[in-house]
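These notes are about the structure you will find just below.
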Amino acid sequence: MTDIDRAAPRRRLPVITGILVLIALAILISLGTWQVQRLHWKEGLLADIAARQAAGPVPLADIEAMAASGGDIEYRKVTASGRYINNKERHFFATWRGQTGFYVYTPLELADGRFLFVNRGFVPYENKEPEMRMQGQLTDQQTVTGLARAKLPGKPSSLVPDNDVAKNIFYWKDLDVMAESVGLEKGRVIPFFVDADSTPNPAGLPIGGVTQVDLPNDHLQYAFTWYGLAAVLVVVVAISWFRKSGKQPAQ
């Protein structure tokens, strides 16, 4: 084997390494840019939600029309009137300000005979049963103002426990099962929920205004991470190149 033949692989190695470095750098920069795009999207979404919550309430019919047309009804302020069917309330396991308990979902019977499930708010674990908070069991005509919440298409995660319908404990908000478990026909149930606002209830229970907008916005941190890794890669390659250049024998 000649010296030229032996030198050829050594010349190809830096070229291959350079290509791999460029590919890695492109991937890191792409990931950082994607996170910046996600950041702008998330900031826009949070601003939109804040605007919806700050807006005045609209009639239930407006939200129904929006939902029927495929519009986004989440967190839009709505008002509805009717009579609570207290003996059909459903209980969603929840924590509120560090306390374990339940959100009370009660069907509100509307003037046209349909039902709207209203999240009336939080009750501590020991107040799960209605007889432990009878003053809050409103029986006359009521007007509720709150935020529209879309119906979940299915169980959010395999990690979420199955709903215990027999014990009236729901771990995820399955509107169809909530309605079916209390004998309400699906066609007579409004296909979304309403979270009641913080208007006080008699004796303080349920505690309204429990809607939590939990949309983590860590995209800026992730962008810095990916861009930082790209910068580190450039520095490492530059140092390696200068070191090798310094070791080259003088010609």
Side-chain angles (χ1 to χ4, degrees), residues 57 59-61 63-64 67 73 77-97 99-156 160-212:
L60 180 65
I63 301 298
E64 286 190 82
I73 66 169
K77 196 173 290 185
V78 60
T79 185
S81 297
R83 183 175 62 89
Y84 283 121
I85 311 301
N86 293 306
N87 64 347
K88 296 184 184 297
E89 68 180 33
R90 301 287 83 186
H91 304 144
F92 175 75
F93 185 78
T95 57
W96 174 246
R97 295 179 177 175
Q99 189 174 13
T100 301
F102 300 90
Y103 291 161
V104 177
Y105 282 80
T106 307
L108 183 74
E109 186 175 13
L110 308 176
D112 60 7
R114 295 182 303 156
F115 298 90
L116 170 68
F117 269 86
V118 176
N119 174 8
R120 296 192 60 208
F122 177 80
V123 296
Y125 197 88
E126 60 272 17
N127 296 101
K128 177 180 185 293
E129 301 306 325
E131 55 267 23
M132 302 302 296
R133 44 183 167 83
M134 289 302 298
Q135 287 181 274
Q137 299 297 89
L138 305 177
T139 55
D140 52 352
Q141 187 78 3
Q142 301 293 323
T143 296
V144 59
T145 299
L147 301 177
R149 303 301 310 277
K151 172 184 174 182
L152 295 178
K155 191 176 180 181
V160 176
D162 292 330
N163 292 325
D164 191 339
V165 180
K167 293 183 179 180
N168 190 8
I169 298 177
F170 286 78
Y171 297 99
W172 67 280
K173 294 174 287 186
D174 188 338
L175 178 57
D176 292 340
V177 173
M178 283 183 173
E180 181 183 358
S181 65
V182 291
L184 299 181
E185 297 177 13
K186 183 177 179 179
R188 296 176 62 197
V189 177
I190 304 295
F192 54 84
F193 301 97
V194 167
D195 287 354
D197 64 14
S198 57
T199 301
N201 287 303
L205 294 176
I207 303 169
V210 296
T211 306
Q212 300 180 48

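Quick caveat, the model's predicted, so the values are computed rather than measured.
Between the CE atom of Met134 and the CD atom of Glu129 there is a distance of 12.0 Å, given to the nearest 0.5 Å. The structure places CD of Gln137 at 9.5 Å from CG of Asn87, a figure rounded to the nearest 0.5 Å. Rounding to the nearest 0.5 Å gives a distance of 13.0 Å between CD1 of Ile169 and CG of Asp162. Rounding to the nearest 0.5 Å places CE of Met178 at 12.0 Å from NZ of Lys151.
A donor-acceptor pair is defined here as one N or O able to donate and one able to accept, closer than 3.5 Å; such a pair exists between the side chain of Asn168 and the backbone of Glu89.
Leu60 and Val78 make their closest contact through CA-CG2, 3.6 Å (heavy atoms, listed as atom of the first residue, atom of the second, distance). The nearest pair of heavy atoms linking Pro57 to Thr145 is CB-CG2, 4.0 Å. Between Ala148 and Ile63, the shortest heavy-atom contact is CB-CG2, 3.9 Å. Nearest heavy-atom pair across Trp172 and Pro161 is CD1-O, 4.0 Å. The nearest pair of heavy atoms linking Leu184 to Lys88 is CD2-CD, 4.1 Å. Nearest approach of His91 to Arg133, heavy atoms of both residues: NE2-NH2, 3.6 Å.
Ring geometry for Trp96 versus Phe122: interplanar angle of 30 to 60°, hence tilted. By the 30° and 60° cut-offs, the orientation of the rings of Phe93 relative to Tyr171 is tilted.
Cation-pi contact between Arg120 and Tyr84: present, with separation from the ring centre below 6.0 Å and deviation from the ring axis of at most 45°.
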Review item, side-chain donor-acceptor pairs of residues 185-198, under 3.5 Å, at least two apart:
from: Arg188; atom 1: NE; to: Gly113; atom 2: O; distance (Å): 3.4
from: Arg188; atom 1: NH2; to: Gly113; atom 2: O; distance (Å): 2.9
from: Asp195; atom 1: OD1; to: Asn119; atom 2: ND2; distance (Å): 3.3
from: Asp195; atom 1: OD2; to: Arg149; atom 2: NH1; distance (Å): 3.2
from: Asp195; atom 1: OD2; to: Thr211; atom 2: OG1; distance (Å): 2.9
from: Asp197; atom 1: OD1; to: Thr199; atom 2: N; distance (Å): 3.1
from: Asp197; atom 1: OD1; to: Thr199; atom 2: OG1; distance (Å): 2.8

Show the atom names and distances, to 0.1 Å, of all donor-acceptor pairs under 3.5 Å that link a side chain in residues 202-210 to residues at least two apart or in another chain.
none

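Counting only N and O atoms by type, the side chains of Asp140 and Gln142 include a donor and acceptor under 3.5 Å apart.
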Checklist entry - Are Lys77 and Leu147 close enough, and set up right, to give a side-chain contact (heavy atoms from CB on, under 4.5 Å), and what steps lead you there? => result CA-CA 5 Å; Lys77 196 173 290 185; Leu147 301 177; 4.3 Å; yes
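Residues Tyr105 and Lys173 meet the side-chain proximity criterion, which asks for heavy atoms closer than 4.5 Å. No side-chain heavy atom of Glu180 sits under 4.5 Å from any side-chain heavy atom of Val165.
The environment of CD in Gln141 is crowded: more than 12 heavy-atom neighbours from other residues, nucleotides or ligands sit within 6.0 Å.
Considering only residues two or more places apart in sequence or on other chains, Thr95 meets the side-chain hydrogen bond (donor to acceptor under 3.5 Å, both in side chains) condition with none of them.
One finds no salt bridge joining Asp174 and Lys155 here, because no Lys/Arg side-chain nitrogen approaches an Asp/Glu carboxylate oxygen to under 4.0 Å.
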